[in-house]
Novice: 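Please find one structure pasted underneath; my questions will follow.
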Amino acid sequence: MLSLHNVSIRYGDFSAVQDFSLSLEIGEIACLLGPSGSGKTSLLRCIAGFETPSQGSIELRGQLVANCQNSVAPEKRGVAVVFQDYALFPHLNVKDNVVFGIRHLPKSVQLERCQQLLALVGLDGTESRFIQSLSGGQQQRVAIARALATEPDILLLDEPFSNLDAELRSSLAVQLRSILKQAGVTALMVTHDQSEAFTVCDTVALMEQGKLQQHGSPESLYQSPANLFVARFVGQFNVLPVASMDPSSQSKPAVDSGLKSRLVQDEITQKGGIMAFSPHAISLSSSMVNGSVDSVSFEMTIKSMVFRGGFTEYTLGDLEGRALRCVLSGSPDWHQGEQVVATICRKAILSFGDDGYRLK
Ligand code: ADP
Ligand code: MG
């Protein structure tokens, strides 16, 4: 449905997106995920036709719609956009907002499509309501119905939850996925929020500073991060440098003996490098259990703890300044200042080179 080939976007001398490639299948819901300023909105605007790529090309349904010389007008692309602020018409009622893009069609067609779409987004019977009388979540769904009314080939959504209360967001994210799947529409959503991306989308393209870092299913990004940026952003992984185990080196290894023995077999020990593991991969105990070949242990102190309801987040630290984040289910069993042994299953440890890319 959509292919981006080596797209770069410039604003004067500033390079906002570099060499970005991505393809979307028909019916796929994909996400551009990344921190603020990583170039997500620029790419969305380029696909919609509001910006022109400085390099590369964009195809919709196999037809070239943009390169640095040619650009098909936004209204001729078969693309609909749900903007961050929804951009609804406050002086029009719900029905007139929804049918705005199809007001050239016969009244009976307009009315029928409006009723179908309001039913799809769970707003039946609100045709004559005015926009200001609706909640933020309802306004968002009117904006989605309005975008779908033109029967676009692809729906683009920019930070669709940014104007909503935190508690509404997670339930609306589930609803949005179900609405898009029922409509069978191909969609590309932009967000900086990893949990929204994972809830709504089939695939996620993670960006940093205008570059694609990894594209794949939420599970593949979480379980097999290509580099440390992905591991940190998607899994909030703990990251610890491992000193080189070169025997001539006098420097103290940055990891405890249990880990050292395992790492002897690993490439990481010859070169030095970085290991990373999820905060969920750590278990805590009060004393060192006899070194298991399957796990690695560190003696640490509880620096802080936050009870989050169903789980507790701990920050652990040691005298060498290493810090670990650990998440355990249930209420706090450990308290600030207590000495603990943090144990990590070896299978859960991923190895990265000094360049930040995954070893293997
Ligand atoms: P995101 O949506 O990921 O937050 P944007 O695509 O909005 O990122 O912006 C990417 C970078 O491009 C930012 O550094 C931003 O300041 C810059 N930028 C965006 N739009 C313009 C513009 N019209 N002119 C100049 N710089 C821009
Ligand atoms: Mg943006």
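Please read these numbers as outputs of a predicted model, since none were measured by experiment. Residue numbers run from 1 in the order of the sequence given. Ligands are counted one by one from 1 in listed order, and the atoms in each one are counted from 1 as well.
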Novice: On the 0 to 90° scale, with breaks at 30° and 60°, tag the Phe89-Phe100 ring pair as parallel, tilted or perpendicular.
Specialist: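 Aromatic pair Phe89/Phe100 classed tilted.
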
Novice: Is it true that the side chains of Arg141 and Ser135 contain a donor and an acceptor less than 3.5 Å apart?
Specialist: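 Side chains of Arg141 and Ser135: no pair found under 3.5 Å.
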
Novice: So is there a nitrogen or oxygen of Gly37 less than 3.5 Å from a nitrogen or oxygen in ligand 1?
Specialist: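 Yes, Gly37 has an N/O under 3.5 Å of an N/O on ligand 1.
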
Novice: Quick test: of every protein heavy atom, which one is nearest to atom 22 (C) of ligand 1, and how far off is it to 0.1 Å?
Specialist: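 Minimum-distance protein heavy atom for atom 22 (C) of ligand 1 reads Tyr11 CD2, 3.4 Å.
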
Novice: With a 3.5 Å distance limit and no angle check, can you tell me whether Arg325 reaches the backbone of Pro279 through a side-chain donor-acceptor pair?
Specialist: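 No.
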
Novice: I need the single residue from Leu284, Ile344, Asn238 that forms a side-chain contact (heavy atoms from CB on, under 4.5 Å) with Cys326. Which is it?
Specialist: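 One option only clears the test, and that one is Leu284.
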
Novice: Under 4.0 Å from a heavy atom of Ala16: give me the atoms of ligand 1 that qualify, with their elements.
Specialist: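 Matching atoms, with element in brackets: 12 (O).
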
Novice: Would you check whether Gly34 reaches within less than 4.0 Å of ligand 1, judged by its heavy atoms?
Specialist: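 No; Gly34 lies far enough from ligand 1 that no heavy-atom distance drops under 4.0 Å.
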
Novice: Do any nitrogen or oxygen atoms of Ser38 lie less than 3.5 angstrom from nitrogen or oxygen atoms of ligand 1?
Specialist: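 Checking ligand 1 against Ser38, an N or O pair does fall under 3.5 Å apart.
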
Novice: Among all the protein's heavy atoms, is there at least one whose distance to atom 11 (C) of ligand 1 comes out below 4.0 Å?
Specialist: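 Within 4.0 Å of atom 11 (C) of ligand 1, protein heavy atoms are found.
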
Novice: Specify the protein heavy atom at minimum distance from atom 7 (O) of ligand 1: its residue, its atom name, and the distance to 0.1 Å.
Specialist: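 The protein heavy atom lying closest is Thr41 CB, 3.7 Å.
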
Novice: Among all protein non-hydrogen atoms, which one is nearest to atom 15 (C) of ligand 1, and what is the separation to 0.1 Å?
Specialist: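 Closest protein heavy atom to atom 15 (C) of ligand 1: Phe14 CE2, 4.6 Å.
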
Novice: Carefully, step by step, assess Glu28 and Thr203 under the rule side-chain hydrogen bond (donor to acceptor under 3.5 Å, both in side chains).
Specialist: CA-CA 8 Å; Glu28 180 175 340; Thr203 60; 2.6 Å; yes

Novice: Looking only at protein heavy atoms, which one is nearest to atom 3 (O) of ligand 1, and how far off is it?
Specialist: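 That would be Lys40 NZ, 2.8 Å.
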
Novice: For the pair Thr343 (side chain) and Ser297 (backbone), establish whether a donor and an acceptor sit closer than 3.5 Å, ignoring hydrogens and angles.
Specialist: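 Absent.
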
Novice: Looking only at distances, can you tell me whether any N or O atom of Gly39, backbone or side chain, sits closer than 3.5 Å to an N or O atom of ligand 1?
Specialist: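 N/O-N/O distance below 3.5 Å exists for this pair.
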
Novice: Under 2.8 Å from the Mg ion (ligand 2), is there an N/O/S atom belonging to Thr41?
Specialist: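 Coordinating: yes.
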
Novice: Give me the nearest non-hydrogen protein atom to atom 9 (O) of ligand 1 as residue plus atom name, then the distance to 0.1 Å.
Specialist: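 The closest one turns out to be Ser42 OG, 3.9 Å.
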
Novice: Kindly indicate, with the supporting measurements, whether the criterion side-chain hydrogen bond (donor to acceptor under 3.5 Å, both in side chains) is fulfilled by Ser304 and Thr315.
Specialist: CA-CA 5 Å; Ser304 65; Thr315 305; 3.3 Å; yes

Novice: What do the steps show when you test Arg358 against Ser224 for side-chain hydrogen bond (donor to acceptor under 3.5 Å, both in side chains), and what is the final call?
Specialist: CA-CA 9 Å; Arg358 187 86 179 273; Ser224 197; 3.3 Å; yes

